[in-house]
Amino acid sequence: MIYILECDSSNIYKPESLLDAFIDDARLKKVAAYRFSADRMRARLAVLLLRFAYFREYGSDILPEMTFTEAGKPYFKDSNVRFNFSHTEKGVICSLSDAETGADIESMTTMDQSVAEMVLSKMELEQIQCAPEAKKNELFTMLWTAKEAYGKYLGCGLLYDMKNETFEILPRKWIAHGNVYLYSDYNETYAFSVACSAATDIIVIKPDELVAFFLMQNEME
Amino acid sequence: MGAQKMNEIQEKLQDVFRDVFDDEELTIHDATTSNDIEDWDSLAHIQLITAIEKEFGIKFTLKEAVSAKNVGEFTERIQSKLIG
């Protein structure tokens with residue numbers, strides 16, 4: 001299942017201490033390493049969205065212990081549940097699955113030709129060249145998130161031969177890429193992609209729903 | 001490469017960072033990482049690399065580009081490219 005939190009993380013969720021009660025110490029350390037409060041909040045929201053999604057999908061309000069692969073991909077120790085998350089200025093994405101998964105979300109960006117040439121395959125560059133001018137940035141941002149989500153699925157991040165990996169992008173459609181399924185979409189502020197071993201549902205939630213969940217949890221404790 | 005040349009690299013690199021992140025006040029140090037700059041995400045990292053390539057007239061492989069995790073590592077890679 002894919003969960004997307006649509007939000008402006010710079011002006012929600014105060015006090016932070018209330019939220020921190022639901023985040024494990026290891027993650028809080030990572031949160032604290034960010035210099036800017038908006039970055040710290042996005043990192044908090046990513047783990048809170050994961051916790052929310054885990055409760056909805058598996059019925060437990062306690063997350064399994066989280067650890068990292070050598071390449072830095074987070075995973076649950078002693079659990080078959082796989083997850084991945086990503087955050088940007090106006091959105092957080094969390095993918096939760098019984099098989100490997102990768103997710104990426106990126107603020108809508110203006111395509112830079114040098115950047116495109118560094119990361120896109122020849123066919124992807126042609127695809128962008130053929131797209132209407134007004135759609136080029138959306139297509140580029142989606143392609144980038146597809147590349148990153150795929151790398152996160154593989155567990156190697158950006159360290160794979162992405163220039164020789166051509167992704168087909170059809171917004172709001174699951175597309176087979178070898179044994180992996182990719183889904184991409186965008187709105188006016190961000191684009192995202194997820195890579196999973198099978199097509200699954202996408203659930204968009206609003207900040208109020210997430211806050212209500214944790215306030216209820218807080219009252220129960 | 002002398003200390004003066006290293007200082008030149010760092011000064012030019014600081015200009016590149018200021019330009020990419022559109023922040024004239026931005027000050028970088030060897031230990032500066034993506035945690036210290038608000039907009040330094042994965043795509044901005046690639047934008048940074050292409051801007052560095054243009055500024056210094058060098059080329060990075062994607063692996064070299066992605067594996068540089070802080071300003072100090074960028075400086076080292078630029079230095080070795082300029083020497084090599």
Side-chain angles (χ1 to χ4, degrees), chain A residues 9-10 29-43 71-72 86-89 91 102-121 137 140-149 151-152 156-165 190-191 193, chain B residues 10 12-74 76-78 80-82:
Chain A
S9 50
S10 61
K29 246 187 203 174
K30 283 184 91 80
V31 168
Y34 286 104
R35 185 174 167 203
F36 292 92
S37 64
D39 284 334
R40 290 197 294 273
M41 185 51 78
R42 286 171 203 139
S86 174
H87 45 85
T88 190
E89 195 182 348
D104 188 54
I105 189 165
E106 183 77 39
S107 293
M108 195 53 72
T109 190
T110 305
M111 191 187 83
D112 176 296
Q113 190 61 30
S114 309
V115 171
E117 283 169 13
M118 184 167 220
V119 298
L120 300 185
S121 71
N137 291 337
F140 171 73
T141 313
M142 275 191 287
L143 274 168
W144 171 257
T145 61
K147 294 206 174 246
E148 189 155 14
K152 289 170 87 175
C156 59
L158 300 176
L159 287 172
Y160 70 101
D161 190 6
M162 67 170 68
K163 264 185 85 68
N164 285 317
E165 201 79 48
Y190 60 74
S193 293
Chain B
Q10 282 163 349
K12 278 168 101 173
L13 192 57
Q14 174 141 299
D15 289 342
V16 171
F17 269 77
R18 287 179 173 178
D19 192 38
V20 168
F21 295 110
D22 195 21
D23 180 357
E24 282 307 307
E25 308 285 303
L26 185 60
T27 304
I28 57 169
H29 310 280
D30 280 354
T32 301
T33 70
S34 58
N35 284 349
D36 302 309
I37 298 178
E38 195 167 4
D39 297 323
W40 189 350
D41 61 12
S42 56
L43 188 53
H45 190 89
I46 306 293
Q47 286 163 346
L48 203 47
I49 294 297
T50 56
I52 290 170
E53 286 184 338
K54 278 180 200 163
E55 178 65 32
F56 291 92
I58 54 178
K59 278 276 170 202
F60 289 109
T61 64
L62 193 59
K63 193 175 177 183
E64 287 170 332
V66 169
S67 58
K69 300 291 182 206
N70 61 32
V71 168
E73 290 181 17
F74 273 123
E76 280 169 23
R77 280 163 179 69
I78 294 165
S80 75
K81 292 271 173 193
L82 291 175

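Quick note on labels: first sequence line is chain A, next is B, and so on, each numbered from 1. Everything numeric here is computed off the predicted structure, so don't read it as measured data.
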Listed by residue number, which members of residues 30-38 of chain B have a heavy atom under 4.5 Å from any heavy atom of chain A?
->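 Heavy-atom contacts from residues 30-38 of chain B to chain A are Asn35(B), Asp36(B), Ile37(B), Glu38(B).
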
Side chains of Leu62(B) and Lys163(A) in contact at under 4.5 Å (non-hydrogen atoms) |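 A side-chain contact is absent here, since even the closest heavy-atom pair is not under 4.5 Å.
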
Side chains of Trp40(B) and Asp39(A): does their closest heavy-atom pair fall under 4.5 Å?
->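 Counting from C-beta outward, Trp40(B) and Asp39(A) never come under 4.5 Å.
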
Kindly check if the number of other-residue, nucleotide or ligand heavy atoms within 6.0 Å of CG (Asp161(A)) is above 12?
->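 Enclosed: over 12 neighbouring heavy atoms sit under 6.0 Å from CG of Asp161(A).
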
Under 4.5 Å heavy-atom distance to chain B, tell me which part of Ser114(A) shows up: side chain, backbone, both or neither.
->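 Its backbone and side chain both get close to chain B.
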
Nearest-0.5 Å distance that lies between atom CG in Asp41(B) and atom CD1 in Ile105(A) =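 Taking CG in Asp41(B) and CD1 in Ile105(A), the distance rounds to 11.5 Å.
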
To the nearest 0.5 angstrom, please state how far the NZ atom of Lys147(A) sits from the CG atom of Leu43(B).
->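 Here the rounded value is 12.5 Å.
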
For each of Trp144(A), Tyr160(A), Tyr34(A), tally heavy-atom pairs with chain B at distances under 4.5 Å, and name the one with the top tally.
->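 Ranked by contacts with chain B, first place is Trp144(A).
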
Review item, side-chain donor-acceptor pairs of residues 46-53 of chain B, under 3.5 Å, at least two apart:
unit_1, atom_1, unit_2, atom_2, d
Thr50(B), OG1, Ile46(B), O, 3.4
Thr50(B), OG1, Gln47(B), O, 3.0
Glu53(B), OE2, Phe60(B), N, 2.7

